[in-house]
Engineer: 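Here it is: the structure, laid out below.
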Amino acid sequence: MSTQASRSAARLMISPSVILLFLWMAVPLGMTIWFSFQRYNLLMPGQGGFVGWDNYYYFLTDPAFFTALINTLVLVGGVLLITVFGGILLALLLDQPIFGQGIVRVLVIAPFFVMPTVSALVWKNMLYNPVNGIFAYLAKAIGLQPYDFLAHAPMLSITIIVAWQWLPFATLILLTALQSLDSEQLEAAEMDGAGALSRFFYIMLPHLARAATVVILIQTIFLLSTFAEILVTTNGGPGNASTTLTYLVYVQSLLQFDVGGGAAGGVVAVILANIVAIFLMRMIGKNLEA
Amino acid sequence: MARKISNRRRVIMTVIAWALAFVIFFPILWTIILSFKTEGNAIKAPWDVLTSAWTFDSYHVVQERSNYFRHFMNSVVISFGSTLLALVIAIPSAWAMAFVPGKRTKDVLMWMLSTKMMPAVGVLVPIYLMFRDWGLLDTRTGLVIVLCLMNLPIVIWMLFTYFKEIPKDILEAARMDGATLGGEILYVLTPMAVPGIASTLLLNVILAWNEAFWTLNLTAAKAAPLTAFIAAYSSPEGLFYAKLSAASTLAIAPILILGWFSQKQLVRGLTFGAVK
């Protein structure tokens, strides 16, 4: 069916998206790399020129970078831990025959559709606030001192907000995977006398491993770019206690107008994200073969 | 099987599931409740909030003071505009790759996906400077372009997985029956492609509606969509819980409803077909 004519027609149909995506990726990324070797501060337009690896040197040796790197790992790792374990438990629960399953599912999935700025502000004010927040009232009700979450444990607080947003995603994917499990296999195991626990560990868990890997990889890509939640809750503070890599680059380039330094940070972020991306791409690529 | 045991188990599971669902949904529920309270009542203890009077005041105030409707329209224009533009570009591509696959189709698809892996912050500086020089900062046009390109790989991938499922035999059957190329596309292919295109539209509108990196960094007042408008509440003056709740409820309600319809597509779209 694929004649020469249809081949070239196909090429013509594909080319707009290829060209646009290439421009979208190559031009800004090329500029970022270029800027990262320049002295370029928007506040000092006169000064410029090639500075070699200076921007990288200053960015990587800045104590804020180390803090940001740790914070990024804490955020990504914490959210992954909560969402994958919580997601497996919730998926197992939602897979059971329960009354009102449809409604429960809808309620559990809801946080994923809440825009990041709304969820961050709702948690900050209605829940975490040490004076008027729900947590403060609950603490007082059982005789404890209210705790200022965002001031004293900013990374933990932000991790919880982001985990709340991503838990539905993990649950939904793990549930989809669970439902594709062959029920005959489980029944056969039950007939052979396998208990609920061994059925879970020897049949369900291996089956879920693939879906869990997909969840981990995709979430990591998105979590590395967490921005709005930090901006509206703590602004990266107190000090830089909740500054992540993404936030640090934002501060450097758009608040301190240090384009060169920010660009160097951007390149570092791209490299880190690509390490994860390679693994993800391999998994998806394998799936495409099948 | 033992019916009695499974019924008891069902009740226990139901209770646990509903309790957990309530906890997870609570922040949203509480926001909706506070939006119908006065500012004075909204900061009372939770049990006093529930028994206080209900009112629509906050909704009126939000519209009057902040021109809520304009930001809402910005969100509509930006999310639908960027998605429709992406669809126009993506449909021919996905179509060609699904129906006339070449040797390099797979490589092209994987490469497109890889552009999605680039963290936005890596290109923040050049995009910001280009937008500044071209006068695109704080314009709807600028955001439509950026969000369109950002979501293009997902749009192409989703369409591709849907189109690939359309049986090719049906085309030949139509041709045998004497259908012209135009007739083929209009009467045979389009009806089969519409559900896939609709799902793609739905999921990407949701993603664009909630996008909060570019919308926050590239807009100020004029073109700010709801994400950026709500962010302005992070430095409040005086009592604002009820107003924040009303604005938030309005901002999330449409997408919450759309989202509940798109559960299935969500899994498929966001895992790039790796989990179906």
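So that the names make sense, note that chain A is the first sequence line, chain B the second, and so on, each numbered from 1.
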Engineer: Less than 4.5 Å to any heavy atom of chain A: does that hold for the side chain of B:Leu129, its backbone, both, or neither?
Structural biologist: side chain

Engineer: What part of A:Ala141 gets closer than 4.5 Å to chain B, counting heavy atoms only: side chain, backbone, both or neither?
Structural biologist: side chain

Engineer: Can you tell which part of A:Phe169 gets under 4.5 Å to a heavy atom of chain B, answering side chain, backbone, both or neither?
Structural biologist: side chain

Engineer: Measure distances from A:Ile221 to the heavy atoms of chain B and classify the residue's part below 4.5 Å as side chain, backbone, both or neither.
Structural biologist: side chain

Engineer: Indicate every side-chain donor-acceptor pair of residues 93-102 of chain A with a distance under 3.5 Å to a residue at least two apart or in another chain.
Structural biologist:
from, atom 1, to, atom 2, distance (Å)
A:Gln96, OE1, B:Arg9, NH2, 2.4
A:Gln96, NE2, A:Leu92, O, 3.4
A:Gln101, NE2, A:Leu94, O, 2.5
A:Gln101, NE2, A:Gln96, O, 3.1

Engineer: Measure distances from A:Tyr40 to the heavy atoms of chain B and classify the residue's part below 4.5 Å as side chain, backbone, both or neither.
Structural biologist: side chain

Engineer: Among B:Ala251, B:Pro119, B:Ala21, which residue has the highest count of heavy-atom pairs closer than 4.5 Å to chain A?
Structural biologist: B:Pro119

Engineer: Heavy-atom distance under 4.5 Å to chain B: side chain of A:Val131, backbone, both or neither?
Structural biologist: neither

Engineer: Between A:Leu175 and chain B, which part of the residue has a heavy atom less than 4.5 Å away: side chain, backbone, both or neither?
Structural biologist: neither

Engineer: For A:Leu272, which atoms come within 4.5 Å of any heavy atom of chain B: side chain, backbone, both, or neither?
Structural biologist: neither

Engineer: Looking only at heavy atoms, what is the nearest atom pair of B:Gly122 and A:Thr32, with distance?
Structural biologist: O-OG1, 2.7 Å

Engineer: Picking from B:Lys116, B:Met97, B:Lys44, which has the most non-hydrogen pairs under 4.5 angstrom with chain A?
Structural biologist: B:Lys44

Engineer: Where on A:Leu20 is there a heavy atom nearer than 4.5 Å to chain B: the side chain, the backbone, both, or neither?
Structural biologist: both

Engineer: For B:Leu226, which atoms come within 4.5 Å of any heavy atom of chain A: side chain, backbone, both, or neither?
Structural biologist: both

Engineer: Does the ring center of B:Trp95 lie less than 6.0 Å from the ring center of B:Phe160?
Structural biologist: no

Engineer: Where on A:Arg105 is there a heavy atom nearer than 4.5 Å to chain B: the side chain, the backbone, both, or neither?
Structural biologist: side chain

Engineer: Tell me, for B:Leu256 versus chain A, whether the close heavy atoms (under 4.5 Å) come from the side chain, the backbone, both or neither.
Structural biologist: both

Engineer: Does the side chain of A:Tyr247 come under 3.5 Å of the side chain of A:Asn235 through a donor N or O and an acceptor N or O?
Structural biologist: yes

Engineer: For A:Ile218, is it the side chain, the backbone, both or neither that has a heavy atom under 4.5 Å from a heavy atom of chain B?
Structural biologist: side chain

Engineer: At a 4.5 Å cut-off on heavy atoms, which part of A:Val232 comes close to chain B: side chain, backbone, both, or neither?
Structural biologist: both

Engineer: Relative to the ring of A:Trp166, is the ring of A:Phe112 parallel (under 30°), tilted (30 to 60°) or perpendicular (over 60°)?
Structural biologist: perpendicular

Engineer: Measure distances from B:Ile206 to the heavy atoms of chain A and classify the residue's part below 4.5 Å as side chain, backbone, both or neither.
Structural biologist: side chain

Engineer: So which of A:Ser17, A:Ala277, A:Gly262 has the biggest tally of heavy-atom pairs under 4.5 Å with chain B?
Structural biologist: A:Ser17

Engineer: Between A:Asp258 (side chain only) and A:Ser253 (backbone N and O only), is there a donor and an acceptor less than 3.5 Å apart?
Structural biologist: no

Engineer: Among A:Leu21, A:Thr233, A:Leu23, A:Ile103, which residue has the highest count of heavy-atom pairs closer than 4.5 Å to chain B?
Structural biologist: A:Leu21

Engineer: How many angstroms lie between CD1 in B:Ile252 and CD1 in B:Ile32, if you round to the nearest 0.5 Å?
Structural biologist: 6.0 Å

Engineer: Heavy-atom pairs under 4.5 Å with chain A are the metric here; pick the option from B:Ala94, B:Ala120, B:Ala42, B:Ser114 that has the most.
Structural biologist: B:Ser114

Engineer: Between A:Gly133, A:Ala26, A:Pro28, which shows the greatest number of heavy-atom pairs under 4.5 Å with chain B?
Structural biologist: A:Pro28

Engineer: In terms of heavy-atom pairs under 4.5 Å with chain B, which of A:Phe22, A:Trp164, A:Trp34 leads?
Structural biologist: A:Trp164

Engineer: Side chains of A:Thr244 and A:Thr72 only: does a donor on one sit below 3.5 Å from an acceptor on the other?
Structural biologist: no

Engineer: Taking atom CZ of B:Arg104 as the centre, report whether more than 12 heavy atoms of other residues, nucleotides or ligands fall under 6.0 Å from it.
Structural biologist: no

Engineer: Where on A:Ile173 is there a heavy atom nearer than 4.5 Å to chain B: the side chain, the backbone, both, or neither?
Structural biologist: both

Engineer: Can a side-chain donor-acceptor contact be found between B:Thr215 and B:Thr227 if the only test is distance below 3.5 angstrom?
Structural biologist: yes

Engineer: Is it the case that A:Lys140 places NZ or CZ above or below the six-membered ring of A:Tyr137, under 6.0 angstrom from the centre and within 45 degrees of the axis?
Structural biologist: yes

Engineer: With a 6.0 Å cut-off on the ring centroids, do B:Trp209 and B:Phe72 count as close?
Structural biologist: yes

Engineer: If we ignore angles and hydrogens, is there a donor and acceptor under 3.5 Å between the side chains of A:Gln219 and A:Thr83?
Structural biologist: yes

Engineer: Heavy-atom distances under 4.5 Å only: say whether A:Trp123 touches chain B with side chain, backbone, both or neither.
Structural biologist: side chain

Engineer: Please state whether the side chain, the backbone, both or neither of A:Phe227 comes within less than 4.5 Å of a heavy atom of chain B.
Structural biologist: side chain

Engineer: For the OG1 atom of A:Thr226 and the CD atom of A:Gln165, what is their distance to the nearest 0.5 Å?
Structural biologist: 8.0 Å

Engineer: Counting heavy-atom pairs under 4.5 Å with chain B, which one of A:Asn129, A:Leu12, A:Leu121, A:Val267 comes out on top?
Structural biologist: A:Leu121

Engineer: Consider only side-chain N and O atoms of B:Tyr241 and B:Asn41, and report whether a donor and an acceptor are under 3.5 Å apart.
Structural biologist: no

